[in-house]
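Input: a single structure, listed below in C-alpha cells.
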Amino acid sequence: MPFATRFAPSPTGYLHRGHAFSALTAFAAAREAGGRFILRIEDLDQGRCRLEFEAAMFEDLAWLGLTWETPVLRQSERMQHYAAALQRLIDQGLVYRCFKTRKHIMAESQNAPHGPGEAVRGSPLPASEEASALNQGRAFAWRLRLDRCRDVLAARWDDLGFEADGAWTRADPARFGDAVLARKEFPASYHLASVWDDAAQGITHVIRGADLADAPHLHVLIQALLDLPTPAYRHHPLILGADGKRLAKRDQAETLCALRAAGTAPAALRDGLGFS
Ligand code: GLU
C-alpha cells in the first residue's frame, strides 16, 4: 500500500495554530514518503458543525500552503456506510442497546472527548425490558459488547496491537469499556466513522495529536471485528498557548483566520511551527 495519511478536522470552530501544526506534520510526512495527503471533514455532529467553519478551513489550509486530494470526503454524506458497518456488528451480536442516560454515566465516571472516560461495562437488557424501553421511545447508545468481542476473536484478542511512534504496543481495548459506536437514529460515533473511513481511504499512517494517543486501543478492536487493516499510528505533541494550556477552538486570537487578518505571513507561521 502506498503511504497515505490524513488530516481530519471537525468544523465546529475555526482552526488554530495547533491544527496548523497537525496538518503540516501530516502533510510533511506524506511529502517525505512521496505519498498521499488526504483532507477529511469529520462533520458528524451536525448540531455543532457549521458550513461557515468548513469554508474557513479550506481557506486557512490553502493559505498555509497545503494541497490535498479532491473530492474531499465529508462524513455527513456517508451515513449509509456507517449504518452498514454497524449492522454487521448488530448481526453478530457484538453491540447492544444501552439505555443509561448521560447523566447517569457522567455521575459514574469522568468524561473525556474520544477518550476512555466513559468506561461503562454492561450487557443487553432482558428482551422484555428492552422491548418496553423501545416502546417508550427511550434514547439508547449502541455499545460494543466487550465480552462477546473477546469470545468471537478468541486467540486473535491476545494479538491485538498496533505500531505507534515506531514501537509495537499491545492493545488494551478494555480501557474504553463498552465503547459507544452509534446511537439511536444515528449510525456512527467518531470511533466507528473514523476507523471505517481510514480503511475506505487507504490510510496507511494515522498522524494526529497526542490527545488521541489512547484511541488506537479501541480502533484496532473495531478493525479486527470488521476485517479492516490497521494503519501505523504517530502522535505529535500538542501546541500550547501563552498560558501553557493546549489551544482550544475558543482561543480566538490563535485562530488562523485571526492570524491571517493580523497580517501574519504563512511562511512565518510555518517557520514558527518548525516547518521551514
Ligand atoms: N475529527 C477529530 C478532531 O477534530 C480528529 C480525529 C482524528 O484525527 O482521528 O478531533
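If you're wondering where the values come from, they're calculated on a predicted model, not measured in any experiment. Read the numbers this way: they start at 1 and go in the same order the structure lists the ligands and their atoms.
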Pro9 N/O under 3.5 Å from ligand 1 N/O: no

Atoms in ligand 1 with a heavy atom of Leu212 nearer than 4.0 Å: 6 (C), 7 (C)

Presence of salt bridge, Arg175 and Asp172, under 4.0 angstrom: yes

Cation-pi check, Arg143 onto Tyr96 ring (under 6.0 Å, within 45° of axis): no

Close approach of Arg6 to ligand 1, heavy atoms, under 4.0 angstrom: yes

Which of the ligand 1 atoms, numbered from 1, are nearer than 4.0 Å to a heavy atom of Glu42: 1 (N), 2 (C), 5 (C), 6 (C)

Any Tyr190 heavy atom less than 4.0 Å to ligand 1: yes

Side chains of Asp60 and Tyr14, donor plus acceptor under 3.5 Å: no

Arg48/Asp45 salt bridge by N-O under 4.0 Å criterion: yes

Exercise: identify the closest heavy-atom pair between Ala29 and Ile207: CB-CD1, 3.6 Å

Val206, portion touching ligand 1 at heavy-atom distance under 4.0 Å: neither

